[in-house]
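Here the structure is laid out as structure tokens; the discussion comes afterwards.
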Protein chains: 2
Amino acid sequence: MKDYEKRFVRYLSENSLKLTRTRRLILDAVFKTHDHVDVDTLYNMIKADHSDVSLATIYRTMPLLVEAGLIKQSLRYQSKDHYEHVFGHRNHIHLLCENCGKIIEISGRHLEEFLKNETQKHSFEFIDYTLNVTGLCHKCRKALNRKIKR
Amino acid sequence: MKDYEKRFVRYLSENSLKLTRTRRLILDAVFKTHDHVDVDTLYNMIKADHSDVSLATIYRTMPLLVEAGLIKQSLRYQSKDHYEHVFGHRNHIHLLCENCGKIIEISGRHLEEFLKNETQKHSFEFIDYTLNVTGLCHKCRKALNRKIKR
DNA sequence: TACATTTTGAGAATGATTCTCAATATTTTC
DNA sequence: GAAAATATTGAGAATCATTCTCAAAATGTA
Ligand SMILES: [Mn+2]
Ligand SMILES: [Mn+2]
Ligand SMILES: [Zn+2]
Ligand SMILES: [Zn+2]
């Protein structure tokens with residue numbers, strides 16, 4: 001059994017919830033992809049092999065995975081929440097290219113230290129952070145520069 | 001004419017858009033409040049004096065104000081986008097209490113320097129950032145501690 | 001295995017946001 | 001400054017992500 005499964009099983013039992021086939025499928029899908037996925041994408045991934053799972057159940061399961069500390073809703077775009085698994089991963093910063101939509105991830109190690117310090121000054125107990133930086137990726141910046149020069 | 005109005009007027013004319021009564025009302029409402037407001041709240045604020053403005057027009061105007069650099073969609077909660085005016089204000093960090101929902105704002109000066117540096121390392125052109133920290137405000141932490149002890 | 005409890009799929013419902021369109025306001029032209 | 005050209009508005013319909021309802025099915029427990 002994978003570590004993330006152990007964690008989920010523990011979370012479920014601690015909350016008198018049951019480990020079902022569908023929940024396991026969703027959990028696996030979530031850890032199979034390393035992207036930032038929305039529920040509908042997940043639904044289609046799962047549906048490929050298991051045409052019976054329902055969209056509603058995926059929606060219902062996401063908060064459980066969040067609560068269990070397995071995934072996080074770290075982005076919102078295209079009017080949809082996007083999730084990524086966080087279990088076994090360090091929190092990080094997202095750089096969002098305003099031109100092409102590319103998402104670059106960079107380390108958040110220093111940031112976290114900084115935030116723990118800053119929040120403490122305000123008697124605030126730090127739990128987690130979400131940092132999204134907008135800008136232009138290298139490719140887009142060069143492309144736009146060329147355009148301007150012409 | 002207020003500075004933010006000048007900016008809006010300039011933005012509009014640069015884009016062959018017209019300055020209308022309704023747009024002015026929305027702009028004023030946005031700068032009257034110093035909260036993080038959702039569109040519906042804005043609608044009710046405006047409706048008090050001007051029962052004729054339409055919700056649709058407010059929805060239509062928000063992106064214009066964003067584009068003009070006057071406001072920013074910096075939070076999402078209660079399933080709604082929340083905006084704040086940013087013209088004339090430094091960007092800042094939001095501390096969100098997971099228990100009571102309170103939002104504390106702290107300076108983002110150092111963070112911005114840090115981010116400009118980090119993004120540069122990745123050839124990414126920094127434009128803006130949105131940082132939300134979740135945790136517990138002082139009051140809630142104390143209250144919860146008491147609960148646990150009992 | 002039988003019971004009590006939880007979960008599920010399907011489809012309906014909700015609610016924020018966007019779109020449509022005919023009527024109106026604003027800017028531009030002469 | 002009036003008419004022409006263009007952009008905007010309010011109202012309500014339409015969209016679409018997300019949540020809810022409920023009867024049938026699955027799961028954990030004794
Ligand atoms: Mn990520
Ligand atoms: Mn703020
Ligand atoms: Zn790009
Ligand atoms: Zn609090």
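Because the structure is a prediction, the values reported are computed rather than measured. Convention: sequence-line order gives letters A, B, ...; per-chain numbering from 1. What's counted below: heavy atoms across the whole structure, side chains too, no hydrogens, waters or symmetry copies.
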Every protein N/O lying under 3.5 Å from an N/O of nucleotides 25-30 of chain C:
unit_1, atom_1, unit_2, atom_2, d
C/dT26, O2, B/Lys18, NZ, 2.8

Rounded off to whole Å, could you give me the [atom1]-to-[atom2] distance for the [X] and [N] pair?
| X | N | atom1 | atom2 | result |
| --- | --- | --- | --- | --- |
| A/Asp81 | D/dT19 | CG | C1' | 13 Å |
| B/Arg24 | D/dT9 | CZ | P | 13 Å |
| A/Gln73 | D/dA17 | CD | P | 15 Å |
| A/Arg76 | C/dA16 | CZ | P | 12 Å |
| B/Leu25 | D/dT8 | CG | P | 16 Å |
| A/Arg23 | C/dT6 | CZ | P | 11 Å |
| A/Asn15 | C/dT5 | CG | P | 17 Å |

With distance as the sole test, does [X] use its side chain to make a donor-acceptor pair with the main-chain N or O of [Y] at under 3.5 Å?
| X | Y | value |
| --- | --- | --- |
| A/Thr33 | A/Val30 | no |
| A/Arg7 | A/Ala68 | yes |
| A/Arg90 | A/Ser107 | no |
| B/Thr119 | B/Lys116 | yes |

Next on the checklist: Assess whether a salt bridge exists between A/Glu113 and A/Arg109, defined as any Lys/Arg side-chain N lying under 4.0 Å from an Asp/Glu carboxylate O.
Outcome noted: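 Salt bridge: no.
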Next on the checklist: Filter on ring-ring contact (aromatic ring centres under 6.0 Å, His included), then keep only pairs touching residues 53-88 of chain B, sequence neighbours left out; what's left?
Outcome noted: B/Phe31-B/His85, B/His34-B/His85, B/Tyr77-B/His82, B/His85-B/His89
Checklist entry - Would a 4.5 Å heavy-atom cut-off, applied to side chains only, mark A/Glu118 and B/Leu111 as touching? => result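 No, too far: nothing below the 4.5 Å cut-off.
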Checklist entry - Any side-chain heavy atom of B/Leu27 within less than 4.5 Å of one from B/Lys2? => result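 Not in contact.
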Next on the checklist: Would B/Glu67 and B/Asn15 count as a side-chain contact (heavy atoms from CB on, under 4.5 Å) here? Give the steps.
Outcome noted: CA-CA 11 Å; B/Glu67 265 301 300; B/Asn15 293 277; over 6 Å; no
Checklist entry - Does A/Ser79 place a side-chain N or O at less than 4.0 Å from the phosphate oxygens OP1/OP2 of C/dA16? => result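 No, A/Ser79 has no side-chain N/O under 4.0 Å of OP1/OP2 on C/dA16.
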Checklist entry - C/dG9 phosphate, OP1 or OP2: any side-chain N/O from A/Thr22 under 4.0 angstrom? => result yes
Next on the checklist: Quick check on contacts: within residues 2-14 of chain A, what sits under 4.0 Å from DNA chain C by heavy-atom distance?
Outcome noted: none
Next on the checklist: Give the residues of residues 36-69 of chain B touching DNA chain C, defined as any heavy atom closer than 4.0 Å, sorted by residue number.
Outcome noted: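 Within this stretch, B/Ala56, B/Tyr59, B/Arg60 sit under 4.0 Å of the strand.
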Item to check | For B/Asp35, salt bridge (Lys or Arg N to Asp or Glu O under 4.0 Å) partners two or more places apart | outcome: none
In a table with atom names and distances, give each donor-acceptor pair under 3.5 Å that connects a side chain of residues 132-139 of chain B to protein atoms at least two apart or in another chain.
unit_1, atom_1, unit_2, atom_2, d
B/Asn132, ND2, B/His94, ND1, 3.4
B/Thr134, OG1, A/Asp128, N, 3.4
B/Thr134, OG1, A/Asp128, O, 3.2

